[in-house]
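For the numbers below, each heavy atom of this structure counts, side chains included, while hydrogens, waters and symmetry mates do not. Everything numeric in this text was worked out from a predicted model, so none of it was measured. Convention: sequence-line order gives letters A, B, ...; per-chain numbering from 1.
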Amino acid sequence: MKRNDDLDTAIERWGLTPVVAALAEGDASTPPDEVRRRLLGHAAAAPPLLSPTLSPVDLYRARVAALEQLLDTLADEDWERRATPYQWTVHGLVAHLLVIEQCTAAMFGLGKMPSGDENDHLAVGRALIDTELLGSPLSTAGRWRTAARQISDHIGSDAFRPNAPATLHGWPFTGSSLLVARAFELWTHVNDIARAVGRLERPTPAEELRTMSSFSVATLPYTLSLVDPLLSFSSARVVLTGPGGGTFDIGTGERTTLIVADVVDYCRMVARRIDPDVLDSTIEGDTELAGALLRASQAFAV
Amino acid sequence: MMARIAVGDDAALEQVYDQYSALVHGIALRLVGGDSAADICQEVFTSLWNSPSRWNGERGSLRTFLVVIARRRCIDTLRSAGRRRANERRAYRAVPVPAPNVDEAAIALVTGERVRNALRRLPDAQRRAIELAYFEGLTFAQVAVRTGASEGTAKSRIRLGLHRLNSLLGPSETGGSGVKRNLA
């Protein structure tokens with residue numbers, strides 16, 4: 001009901017809301033314990049509606065589309081700009097992505113693995129990259145697009161087996177998890193290229209961030225066991241704030257650490273664009289474990 | 001903390017509840033009495049959980065937001081139930097009880113005393129008008145009737161009194177220009 005004749009409505013107009021809040025200070029009174037129990041019971045039973053996740057197929061396709069859109073807008077000189085943190089130019093980075101699409105296609109039985117050490121993400125297909133750099137950037141972009149579309153077509157077909165093993169660079173992915181990892185890579189390189197050519201990074205849709213961050217957090221117990229096998233781990237809570245974020249409890253048993261960070265910052269850290277030591281985060285509990293988890297989150301990135 | 005609540009971190013809700021529940025419950029206890037105070041306290045924090053985006057940090061502290069929400073719910077309850085008269089009598093009988101958190105309890109006691117002292121320093125007419133509007137939830141028109149003044153005069157007394165309170169409470173309570181103690 002709209003009121004216009006009482007203090008609570010008027011104080012906002014008068015800019016005196018804090019004064020009225022102060023008047024309440026002297027009345028503080030502990031509520032009955034049952035209020036707390038009922039509230040927390042409600043919170044557990046009715047978590048807030050957060051952004052949905054995308055299927056790995058839709059996520060991959062969305063990230064391919066985002067890179068296509070960006071590449072379509074590049075000027076001739078943009079292709080020669082350095083794409084940090086790599087030594088490559090934007091042209092070279094797109095050639096690298098062409099190589100990785102070919103690796104991905106090979107895992108799906110769609111072609112041959114490029115030459116070079118297939119367990120080395122940056123070294124594989126080096127010869128192909130060198131060849132591409134001798135030609136036109138637009139031709140390289142065209143070949144990357146063709147390779148990505150071949151994968152898009154395949155993962156939308158009955159031939160795609162989302163749960164079948166799809167090991168890439170030595171990581172034991174499944175078909176679905178490989179697509180999420182690839183989408184993460186495409187997201188990272190879209191931002192790399194945008195920075196290289198002086199564009200503002202376009203906000204990533206919440207459902208894409210949520211899908212990528214959920215995947216990353218879910219894999220933390222596994223990557224932690226690889227990065228720091230001697231570290232004891234029972235349970236942790238990771239809270240990623242902002243659109244696309246969420247609250248994740250990983251492991252079992254007593255929770256020993258809490259990590260809170262912005263979801264975009266977290267994804268950047270996972271992609272090694274932010275160092276775990278400088279990530280703007282709140283950590284409570286076992287700080288050693290929290291640090292190890294953050295480092296482990298970068299295991300897939302190079 | 002609110003960013004954590006927005007993404008479903010119930011531990012953050014627990015911390016906010018522990019920090020502010022005594023404040024919210026105290027308001028409800030004074031305005032509607034014990035029967036409904038616990039329900040209103042729960043409703044305020046449930047609404048915070050269900051709709052965290054209603055709080056805008058640029059417009060004020062979480063403390064102030066919760067106080068405003070609690071008062072609105074109390075006054076709606078009073079008006080819808082037609083229980084104002086009974087609760088007007090109850091209002092001055094409510095006895096503050098220390099908050100559960102020691103720091104919060106200390107802050108509440110000290111601040112409460114400062115606020116009461118500041119109220120005592122107001123001219124009688126201003127203090128009475130504020131007491132009726134704030135502690136009893138009366139409308140300006142009802143304050144006017146109770147004090148025998150016109151509605152405009154009642155409203156003016158409240159506004160001047162609050163401005164005076166704002167000055168009296170000073171920077172330690174107000175963060176410089178008025179009461180603004182942001183613990184959120």
Euclidean distance, B:Asp10 CG relative to A:Asp249 CG, rounded to 0.5 Å: 8.0 Å

Side chain / backbone / both / neither for B:Ala3 at chain A, heavy atoms under 4.5 Å: both

Closest approach of B:Val7 to A:Gly245 (non-hydrogen atoms, all atoms of both residues): CG1-C, 4.0 Å

Against chain A, work out which of B:Leu13, B:Ile27, B:Ile130, B:Ile5 has the most heavy-atom pairs shorter than 4.5 Å and name it. B:Leu13

List the steps and the verdict of side chain to side chain contact (heavy atoms under 4.5 Å, CB included) for A:Leu39 and B:Glu14. CA-CA 9 Å; A:Leu39 173 70; B:Glu14 205 171 346; over 6 Å; no

Side chain / backbone / both / neither for A:Arg237 at chain B, heavy atoms under 4.5 Å: side chain

For B:Arg121, check salt bridge (charged side-chain N to carboxylate O under 4.0 Å, His left out) against everything at least two apart and list the hits. none

Over all heavy atoms of both residues, which pair between B:Arg4 and A:Thr241 is shortest? Give the atoms and the distance, please. N-CG2, 4.0 Å

Hey, is CG on A:Asp275 packed in by over 12 heavy atoms from elsewhere, all under 6.0 Å? yes

By a 4.5 Å heavy-atom criterion (distance strictly below it), what part of B:Ala11 contacts chain A: side chain, backbone, both, or neither? both

So do B:Met1 and A:Thr282 actually touch side chain to side chain, heavy atoms under 4.5 Å? no

Can you name the closest pair of heavy atoms from B:Ala38 and A:Arg38 and give their distance? O-NH2, 4.4 Å

Residues of residues 40-58 of chain A within contact distance of chain B, non-hydrogen under 4.5 Å: A:Leu40, A:His42, A:Ala43, A:Ala46, A:Pro47, A:Pro48, A:Leu50

In terms of heavy-atom proximity below 4.5 Å to chain A, should B:Tyr17 be classed as side chain, backbone, both, or neither? side chain

For B:His25 against A:Pro32, the heavy-atom pair lying closest together: NE2-CD, 3.8 Å

Would you mind checking which part of A:Arg255 comes under 4.5 Å of any heavy atom in chain B, side chain (CB onward), backbone (N, CA, C, O), both or neither? side chain

Examine whether an atom of A:Val35 lies under 4.5 Å from a heavy atom of chain B, and if so say whether it belongs to the side chain, the backbone or both; otherwise answer neither. both

CD (A:Glu288) with more than 12 external heavy atoms under 6.0 Å: no

Is it the backbone or the side chain of B:Leu66 that comes under 4.5 Å from a heavy atom of chain A, or both, or neither? neither

